[in-house]
Amino acid sequence: MSGWAERAAAAIMPHSKSRTLAAALNEWAYTGRFFDLEATDGTCELCGQEDLRYHFEIENRETAASLLVGSECIKRFDIGGIDEQGRRIDAADTGRLVDKHRRGLVEDARKRRVMTALLKLEQKDRTFEARSFLEFVDDKGAFTPKQVAMLFWRLGTAGIEYRPTDWKVRMRRDSDYAQLRTMKPAAFNRVMAAATTAQRRRVAEIEANFARHGQQWRGPTG
């Protein structure tokens, strides 16, 4: 029995009716309840892994015991679950459901960090009104390049820490790329810090296409 299996057996066997690990695992199911601890100080109650931020609850249908575990353990031990309509689902579908819930937790945490930074900026800079930008985070999800460049400049000037990759930047319309094209280098670099790999690749493709035709995509002010 591997180290992972030994630790799992020690955790669940006392709370299960079955006397073998494989049979005991079949008694457990993911309940669909999940939690953001907001700090990486959680421990998986199944395998003992530390430094977890997100917990997912599994429950024994025979004994009603429950454990808070990491998402990977649910998939590693092929634990089934209950879907969002209350139906029992197999391990494969449970793994996909856990991944979906984890993505939701990560996205919610990202939005909270963005909103916190905006509120801190409003507190430090009375000329800045956070409300419209807060609504933007929920309603539209992504800021324009010009908005990102301005917000990052103001956050930096106010000495407020932020993660550039938390801020989604919109690069779909011609007007978005037009904003990038006329930016000064410092502003352009701030936006690129928030851009996804695919977005940076697209900008590089545009610049390369202009270069092939002997043109500069970004002018002397860019």
Side-chain angles (χ1 to χ4, degrees), residues 1-116 137-142 163-170 172 194-202:
M1 186 180 289
S2 69
W4 286 100
E6 288 178 356
R7 288 191 289 274
I12 71 168
M13 295 302 286
H15 306 291
S16 305
K17 287 189 173 182
S18 301
R19 299 275 61 91
T20 66
L21 177 59
L25 285 169
N26 285 330
E27 297 177 17
W28 294 78
Y30 171 50
T31 65
R33 291 190 285 271
F34 47 91
F35 311 92
D36 182 353
L37 306 180
E38 299 189 4
T40 54
D41 56 5
T43 300
C44 176
E45 294 179 346
L46 185 57
C47 75
Q49 180 178 340
E50 299 178 340
D51 303 324
L52 297 181
R53 172 163 179 162
Y54 306 114
H55 267 164
F56 302 82
E57 184 186 61
I58 60 173
E59 185 175 78
N60 187 301
R61 64 177 179 272
E62 301 290 339
T63 66
S66 63
L67 296 173
L68 295 176
V69 305
S71 60
E72 290 305 309
C73 264
I74 292 176
K75 293 184 285 185
R76 178 181 292 113
F77 292 108
D78 292 328
I79 295 173
I82 307 297
D83 70 10
E84 292 164 345
Q85 286 73 46
R87 299 171 299 197
R88 188 167 294 279
I89 53 177
D90 64 18
D93 284 340
T94 300
R96 286 188 281 271
L97 181 62
V98 169
D99 286 341
K100 174 186 173 181
H101 289 166
R102 192 180 191 285
R103 287 193 298 271
L105 286 169
V106 171
E107 176 64 7
D108 287 345
R110 180 195 69 80
K111 285 184 176 181
R112 284 198 300 274
R113 288 192 296 269
V114 169
M115 291 179 175
T116 297
V137 175
D138 269 334
D139 294 343
K140 298 185 179 179
R163 297 185 189 182
T165 52
D166 281 342
W167 303 70
K168 292 186 178 181
V169 56
R170 190 187 72 198
R172 295 192 307 270
T196 65
T197 300
Q199 288 173 328
R200 289 194 294 271
R201 187 183 301 120
R202 177 59 180 154

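Just the heavy atoms: all of them, side chains too, but no hydrogens, waters or symmetry mates, feed the values below.
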**Student:** Which heavy atom in Thr31 sits nearest to a heavy atom in Ile58, and how many Å separate them?
**Tutor:**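 Minimum heavy-atom contact is CG2-C, 4.3 Å.
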**Student:** Between Asp83 (side chain only) and Arg87 (backbone N and O only), is there a donor and an acceptor less than 3.5 Å apart?
**Tutor:**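 Yes, Asp83 side chain to Arg87 backbone: donor-acceptor pair under 3.5 Å.
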**Student:** Looking at NZ of Lys100 and OG of Ser71, how far apart are the two atoms once the value is rounded to the nearest 0.5 Å?
**Tutor:**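 That separation rounds to 15.5 Å.
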**Student:** When rounded to the nearest 0.5 angstrom, what distance separates CZ in Arg7 from SG in Cys44?
**Tutor:**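 That separation rounds to 9.5 Å.
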**Student:** May I ask you to say whether Asp166 pairs ionically with Arg113, meaning some side-chain N is under 4.0 Å from a carboxylate O?
**Tutor:**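 Counted as a salt bridge, because a side-chain N and a carboxylate O are separated by less than 4.0 Å.
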**Student:** Is there a donor-acceptor pair closer than 3.5 Å between any side-chain N or O of Ser18 and the backbone N or O of Thr20?
**Tutor:**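 No: the side chain of Ser18 does not pair with the backbone of Thr20.
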**Student:** For residues 60-90, which residue pairs pass the ring pair (Phe, Tyr, Trp, His ring centres under 6.0 Å) check, not counting sequence neighbours?
**Tutor:**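 Checked against ring pair (Phe, Tyr, Trp, His ring centres under 6.0 Å) - neighbours excluded - no pair reaches residues 60-90.
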**Student:** Report yes or no: does Glu59 contribute a side-chain atom to a donor-acceptor pair with the main-chain N or O of Trp28 at less than 3.5 Å?
**Tutor:**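 No: the side chain of Glu59 does not pair with the backbone of Trp28.
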**Student:** How long is the gap from CG on Asn60 to CD on Glu27, to the nearest 0.5 Å?
**Tutor:**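 Between Asn60 CG and Glu27 CD, I get 4.5 Å after rounding to 0.5 Å.
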**Student:** Taking only Lys NZ, Arg NE, NH1 and NH2, and the carboxylate oxygens of Asp or Glu, determine whether Asp108 and Lys111 approach each other closer than 4.0 Å.
**Tutor:**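 Not counted as a salt bridge, because no side-chain N and carboxylate O are separated by less than 4.0 Å.
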**Student:** Rounded at 0.5 Å granularity, tell me how far CD1 in Ile12 sits from CG in Leu25.
**Tutor:**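 Atom-to-atom, Ile12:CD1 and Leu25:CG are 4.0 Å apart.
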**Student:** Side-chain polar contacts of residues 47-56 - donor-acceptor pairs under 3.5 angstrom, sequence neighbours left out - could you list them?
**Tutor:**
unit_1	atom_1	unit_2	atom_2	d
Arg53	NE	Asp36	OD1	2.8
Arg53	NH2	Asp36	OD2	3.1
His55	NE2	Thr43	O	3.0

**Student:** Which residue pairs pass the ring pair (Phe, Tyr, Trp, His ring centres under 6.0 Å) test when at least one of the two sits in residues 86-113, sequence neighbours left out?
**Tutor:**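 Qualifying pairs, neighbours excluded: Tyr30-His101, Phe34-His101.
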**Student:** Strictly distance-based, threshold 3.5 Å: is any side-chain N or O of Glu107 a donor or acceptor partner for the main-chain N or O of Gly104?
**Tutor:**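 No: the side chain of Glu107 does not pair with the backbone of Gly104.
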**Student:** Using the rule given for side chain to side chain contact (heavy atoms under 4.5 Å, CB included), can you reason through Arg61 versus Arg88, listing the C-alpha separation, both sets of side-chain angles and the distance that settles it, and then say yes or no?
**Tutor:** CA-CA 12 Å; Arg61 64 177 179 272; Arg88 188 167 294 279; 3.9 Å; yes
**Student:** I need the Glu72 CD to Ile74 CD1 distance, nearest 0.5 Å.
**Tutor:**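 Here the interatomic distance stands at 9.5 Å.
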**Student:** Quick check for you: to the nearest 0.5 Å, what is the distance between Arg202 atom CZ and Arg200 atom CZ?
**Tutor:**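 Reported to 0.5 Å precision, the distance equals 15.5 Å.
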**Student:** Is Arg170 reaching over with its side chain to a backbone N or O of Lys168, donor-acceptor style, under 3.5 angstrom?
**Tutor:**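 No; judged by distance alone, with no hydrogens or angles, the pair does not exist.
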